[in-house]
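These notes are about the structure you will find just below.
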Amino acid sequence: EDMFRLLGDVKLVLNIMLGYTEGVHERIFSSMLNGAACLSDRNMMLEQEFEDGRDIIFTSFKELDSLSDKLESAFSDLKRLEELSLAGKLKAEASHSWDSRAALILGFVEELKASGKQN
């Protein structure tokens with residue numbers, strides 16, 4: 001609870017996912033759901049789900065020299081950062097909340113039951 005409250009108090013969360021080449025960490029969605037923008041290294045799943053500069057900010061932690069430019073750019077226009085945060089929050093609410101994940105899983109279960117497969 002304390003972490004979620006803190007995420008709601010910050011403007012931007014810096015996420016590092018070394019080794020996550022296909023999946024993601026829940027802190028990306030938690031930061032978005034609590035109103036913070038997310039600056040994260042990119043991977044296949046994130047690039048399919050989010051748009052750089054629209055609902056997330058992508059960077060490459062292999063190129064750390066560009067990180068300060070990304071941060072400076074993000075904080076130079078707080079209105080734009082707030083718009084990005086809201087877009088990320090809406091996307092996370094629609095597709096990446098625990099409720100949306102549960103609904104997806106229940107949908108799969110219903111499909112399996114309807115198809116008559118037991119395993």
Side-chain angles (χ1 to χ4, degrees):
E1 288 179 28
D2 290 340
M3 179 55 97
F4 294 138
R5 186 176 32 75
L6 290 171
L7 289 172
D9 291 341
V10 300
K11 295 195 181 309
L12 185 134
V13 170
L14 178 62
N15 178 67
I16 300 171
M17 296 189 315
L18 299 174
Y20 282 79
T21 58
E22 296 177 13
V24 297
H25 194 283
E26 60 84 23
R27 84 178 138 256
I28 295 170
F29 307 130
S30 293
S31 64
M32 291 175 171
L33 289 167
N34 285 281
C38 185
L39 189 154
S40 180
D41 46 344
R42 62 182 75 232
N43 72 17
M44 186 173 58
M45 181 183 176
L46 287 176
E47 288 180 324
Q48 290 174 348
E49 295 291 317
F50 296 97
E51 185 180 335
D52 188 21
R54 185 185 180 305
D55 44 32
I56 195 169
I57 303 168
F58 285 130
T59 193
S60 171
F61 290 103
K62 294 178 182 176
E63 302 167 6
L64 286 178
D65 54 329
S66 67
L67 181 58
S68 63
D69 292 338
K70 295 266 185 172
L71 290 168
E72 185 177 331
S73 177
F75 285 107
S76 69
D77 186 349
L78 293 181
K79 185 174 190 292
R80 176 68 191 117
L81 185 61
E82 187 175 314
E83 291 168 355
L84 185 138
S85 300
L86 179 58
K89 181 177 183 173
L90 293 173
K91 173 90 52 108
E93 286 174 342
S95 302
H96 304 291
S97 67
W98 288 111
D99 287 342
S100 64
R101 292 278 188 250
L104 184 67
I105 292 168
L106 289 173
F108 289 144
V109 169
E110 291 303 318
E111 284 180 30
L112 283 173
K113 286 170 50 179
S115 72
K117 294 182 180 179
Q118 298 300 316
N119 334 11

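Computed from a predicted structure; not experimentally measured.
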Just verifying a value: how many Å separate His25 NE2 and Asn43 CG, rounded to the nearest 0.5 Å? 13.0 Å
Would you give the length of the straight line joining atom CD1 of Ile28 to atom CG of Leu46, rounded to the nearest 0.5 angstrom? 4.5 Å
Using the rule that Ile, Leu, Val, Met, Phe, Trp and Tyr join whenever any side-chain heavy atoms are under 4.5 Å apart, tell me whether Val13 and Met3 fall into a single cluster. yes
I'd like to know whether Val24 forms a side chain to side chain contact (heavy atoms under 4.5 Å, CB included) with Phe29, so could you lay out the CA-CA distance, the side-chain angles of the two residues, the decisive distance to 0.1 Å, and finally the verdict. CA-CA 9 Å; Val24 297; Phe29 307 130; 3.3 Å; yes
Under a 4.5 Å side-chain heavy-atom rule over Ile, Leu, Val, Met, Phe, Trp and Tyr, are Ile16 and Ile57 clustered together? yes
Would you check if Ile56 and Met32 make a side-chain contact, meaning some heavy-atom pair closer than 4.5 Å? yes
If you group Ile, Leu, Val, Met, Phe, Trp and Tyr by side-chain heavy-atom gaps below 4.5 Å, do Leu78 and Leu39 land in one group? yes
Can you tell me which residue pairs pass the side-chain hydrogen bond (donor to acceptor under 3.5 Å, both in side chains) test with a partner in residues 88-104, sequence neighbours excluded? Glu49-His96, Asp55-Lys91, His96-Arg101, Ser97-Ser100
State, to 0.1 Å, how close Gly35 and Ser85 come at their nearest heavy-atom pair, and which atoms those are. O-CB, 3.6 Å
Within the supplied structure, the quantity of interest is the number of heavy atoms (other residues, nucleotides, ligands) at a distance under 6.0 Å from Arg80 CZ; does it exceed 12? yes
Does Phe58 offer a backbone N or O that forms a donor-acceptor pair with the side chain of Asp52 under 3.5 Å? yes
Quick check: are there more than 12 heavy atoms from other residues, nucleotides or ligands sitting under 6.0 Å from CE of Met44? yes
Which value, rounded to the nearest 0.5 Å, describes the distance between Glu26 atom CD and Ser31 atom OG? 9.0 Å
Between Ser73 (side chain only) and Asp69 (backbone N and O only), is there a donor and an acceptor less than 3.5 Å apart? no
Can you tell me how far apart CG (Leu81) and CG (Leu86) are? Round to the nearest 0.5 Å. 11.5 Å
Leu67 reachable from Leu12 in the ILVMFWY side-chain graph, under 4.5 Å edges: yes
So which atom in Thr59 and which in Ser66 form the shortest heavy-atom distance, rounded to 0.1 Å? OG1-OG, 3.9 Å
In the single-linkage hydrophobic clustering (I, L, V, M, F, W, Y; side-chain heavy atoms under 4.5 Å), do Leu14 and Phe75 co-cluster? yes
Taking the basic N atoms (NZ, or NE/NH1/NH2) and the acidic carboxylate oxygens, is any pair closer than 4.0 Å for Glu82 and Lys79? no
